[in-house]
Enquirer: 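Just dropping this structure here.
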Amino acid sequence: MGFGVDSDPGRTFVLLLGSGADADPVALALADPLTRVTTCAGLADATRIVASARVDVLVSLDRFDRGELVALARAMAVDAPDLPIVVLSRHGDALTAAALGVFRCVPTDAPAATLREAVVIAANAHRLAKLRKQAAALTGSNPAIDTQPVGLDSVLDAAIDGLWLALQPIVRAGDGEVFAYEALMRTRSELLRSPPEVLDAAEQLGRVWDVGRAVRHRAAALAHAWHRSALLFVNLHPADLADPDLHDDTAPLAGTAQTVVYEITERASLERVEYAAEGVERLRRRGIRIAVDDLGSGYSGLNSIARLEPEFVKIDMALVRGLDTDRRRQKLVTSMTSVCHELGILVVAEGIETMGERLACRDAGVDFLQGYLIARPGPPFPAICW
Ligand code: G
Ligand code: MN
C-alpha cells in the first residue's frame with residue numbers, strides 16, 4: 001500500500017495511526033478499491049508522512065498514545081487545518097472530539113460500517129474544504145476562517161461567543177402562576193453543543209470562570225430588562241463560587257441580588273471546591289438566595305442542604321420521572337418535601353413531562369413545578385402551555 005498523487009480525486013487516502021502493520025484488522029476493514037490505507041506507529045512518522053504525501057483522513061487507533069494524538073491534533077490544526085482526524089476511542093463521545101479539536105470520535109466497539117461511514121464523511125469534508133478554498137481563490141474572497149487553528153481554546157472561545165440563555169418558567173403548584181424563570185445555557189457552537197460539553201471543555205482548560213462570567217453577563221442583560229415580579233434562577237458551577245468576579249459589587253448581576261437565585265448542583269462534590277461554603281456565605285450576605293439543584297441525582301444526600309442552608313431545593317427529574325406510578329418515588333419525594341418544609345426550604349420539582357407527574361408532585365406537597373409539560377426552555381419569554 002502506498003500514497004498516490006492528487007490526480008486520484010476519487011480515492012481516499014487514509015493514514016492509520018498506532019499500527020505497525022498493514023494487516024491490522026482496522027486497516028483491512030477500511031481498505032477497499034477506493035480507499036488506500038497506510039499505517040504508521042508514532043507521531044514522528046505521522047508528521048513526516050502528512051508533510052510529504054497525500055493524506056485525506058487520519059484515523060487514530062485506540063492504542064495510539066493520547067499525548068501523541070493531542071500533539072498531532074495541535075500540529076495539524078496549524079499545518080493542515082483541513083485534514084480531518086477520526087479517533088477510535090473507548091469513550092467515543094463528541095466531547096473528546098471537540099476537546100482534541102478532531103473531526104469525529106467512533107467507539108472502539110462500533111461496527112466496522114460505522115467507522116467506514118465516519119471515514120467517508122471525513123473524506124467528503126476534506127474534499128469540501130479544498131473546494132471551498134479553490135472557490136475562495138476564484139472569487140477573491142478571504143478563506144482565513146478555514147485556515148485558523150482549531151485548538152480547544154478557540155473552540156471554547158467560539159462557544160462562549162455564541163452563548164445565549166434560554167428561559168424556562170417555574171410555576172406555582174397551586175395556581176400555575178409563573179414564579180420564576182431558570183436561565184439555561186445554550187450555544188450556537190457546532191462543536192460544543194450542550195452545556196455539559198461546554199463545561200467539560202472549560203474544566204479541561206481551567207477556564208470555568210470564563211463561562212460563568214459570560215453566563216452572568218447575559219443573565220444581567222436579561223435581569224435589567226426584567227419588568228416582572230418573577231425571580232431569575234441562574235446555574236453556578238461550584239468553581240464559580242471562588243471567582244472574585246462573582247463577589248464583585250460592580251460585576252454583572254451584582255445590582256440585582258433580590259431577583260437572582262443561584263442554583264448549585266448536587267452532582268459535584270462541594271468538598272473538593274475550596275471556598276465553596278465561604279463563597280455561598282458571601283453571596284448570602286449580599287441578599288442573594290441559593291437553590292440546591294438536582295437533589296436526588298445520586299451524589300451527596302442531604303449533606304449539601306445542611307452545609308448551604310438554601311432557600312430552595314430542586315428535585316431532580318430522575319426522581320420525578322414516573323412519580324405517578326411508582327410508590328417508592330412518591331414516598332421519597334413526599335418525605336423530602338416535608339423535611340425541606342420543616343427546614344424552611346421551598347421545593348421545586350423539575351423535569352415534569354406528563355399530567356400524571358404534575359398531579360403526583362402536587363400530592364407530594366411540592367411548591368413549584370418546572371418541565372416540558374409546562375413550557376420548554378426558549379427565548380424570553382416562553383409561554384406556558386397547559
Ligand atoms: O441540571 P439542571 O437541572 O440545571 O438541567 C436542566 C436541564 O434539563 C436543561 O438542559 C433543560 O433543557 C432540561 N429540561 C428541562 N425540563 C425538562 C423536562 O421536562 N424533561 C427533560 N427531559 N429535560 C428537561
Ligand atoms: Mn438548574
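Just follow the structure's listing: the first ligand is 1, and inside any ligand the first atom is 1. Atom set for the values below is all heavy atoms of this structure, side chains included, hydrogens, waters and symmetry mates excluded.
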Enquirer: Hey, is Glu182 one of the residues with a heavy atom under 4.0 angstrom from ligand 1?
Expert: yes
Enquirer: Is any side-chain heavy atom of Cys40 closer than 4.5 Å to one of Leu15?
Expert: yes
Enquirer: Just by distance, do the side chain of Thr325 and the backbone of Gly322 share a donor-acceptor pair under 3.5 Å?
Expert: yes
Enquirer: From Asp294, does some N, O or S atom reach closer than 2.8 Å to the Mn ion (ligand 2)?
Expert: no
Enquirer: In the protein, what heavy atom is nearest to atom 8 (O) of ligand 1, and what distance, to one decimal place, separates them?
Expert: Met317 CE, 3.2 Å
Enquirer: May I ask whether Met185 places a heavy atom under 4.0 Å from ligand 1?
Expert: no
Enquirer: Taking Met76's backbone N and O only, do any of them form a donor-acceptor pair with Asp79's side chain (distance below 3.5 Å, no angle check)?
Expert: no
Enquirer: State, yes or no, whether a side-chain contact exists between Val86 and Leu115 at a heavy-atom distance under 4.5 Å.
Expert: yes
Enquirer: What are the atoms of ligand 1, with element, lying closer than 4.0 Å to any heavy atom of Gly351?
Expert: 17 (C), 18 (C), 19 (O)
Enquirer: Taking C-beta and beyond as the side chain, do Leu283 and Arg289 meet within less than 4.5 Å on heavy atoms?
Expert: no
Enquirer: Output the list of atoms in ligand 1 that are nearer than 4.0 Å to some heavy atom of Gly371, sorted by atom number.
Expert: 16 (N), 19 (O)
Enquirer: When you look for heavy atoms under 4.0 Å from ligand 1, do you find them on the side chain of Asn235, its backbone, both, or neither?
Expert: side chain
Enquirer: Phe233 and Tyr262: aromatic ring centres closer than 6.0 Å?
Expert: no
Enquirer: Verify the cluster assignment for Val348 and Tyr181: are they in a single hydrophobic cluster under the rule of side-chain heavy atoms below 4.5 Å apart?
Expert: no
Enquirer: Starting from atom 19 (O) of ligand 1, locate the nearest protein heavy atom and write down its residue, its atom name and how far away it is, to 0.1 Å.
Expert: Tyr372 N, 2.7 Å
Enquirer: What residue and atom, counting heavy atoms only, is the protein's closest point to atom 5 (O) of ligand 1, and at what distance?
Expert: Leu184 CD2, 4.5 Å
Enquirer: Could you confirm whether Asp293 has any N/O/S atom lying under 2.8 Å from the Mn ion (ligand 2)?
Expert: yes
Enquirer: Quick check for you: to the nearest 0.5 Å, what is the distance between Asp240 atom CG and His247 atom NE2?
Expert: 9.0 Å
Enquirer: Examine Asn235 and say whether one of its N/O/S atoms is closer to the Mn ion (ligand 2) than 2.8 Å.
Expert: yes
Enquirer: Pull out every atom of ligand 1 sitting under 4.0 Å from any heavy atom of Pro377, numbered as shown with elements.
Expert: 12 (O)
Enquirer: Counting from 1, what ligand 1 atoms have a heavy atom of Arg186 closer than 4.0 Å?
Expert: 10 (O), 11 (C), 12 (O)
Enquirer: So how far is it from Met185 CE to Leu165 CG, rounded to the nearest 0.5 Å?
Expert: 8.0 Å
Enquirer: Is the positively charged end of Arg228 above the ring of Phe381, judged by distance under 6.0 angstrom from the centroid and angle within 45° of the axis?
Expert: yes
Enquirer: Does Asp293 have a heavy atom less than 4.0 Å from any atom of ligand 1?
Expert: yes
Enquirer: I'd like to check which ligand 1 atoms, numbered from 1 as shown, lie under 4.0 Å from a non-hydrogen atom of Glu350.
Expert: 3 (O)
Enquirer: Specify side chain, backbone, both or neither for Asp294, according to which of its non-hydrogen atoms lie closer than 4.0 Å to ligand 1.
Expert: side chain
Enquirer: So with a 6.0 Å cut-off around NE2 of His217, is the heavy-atom count from everything else above 12?
Expert: no
Enquirer: Can you figure out which of Gln168, Gln370, Glu353 has its heavy atom closest to atom 20 (N) of ligand 1?
Expert: Glu353
Enquirer: Which is the closest N/O/S atom of Glu182 when seen from the Mn ion (ligand 2)?
Expert: OE2
Enquirer: Name of the Glu263 N, O or S atom nearest the Mn ion (ligand 2)?
Expert: OE1
Enquirer: Set out, in order, the CA-CA distance, both residues' side-chain angles and the distance that settles side chain to side chain donor-acceptor pair (under 3.5 Å) for Asp294 and Thr265, then state yes or no.
Expert: CA-CA 6 Å; Asp294 308 312; Thr265 181; 2.7 Å; yes
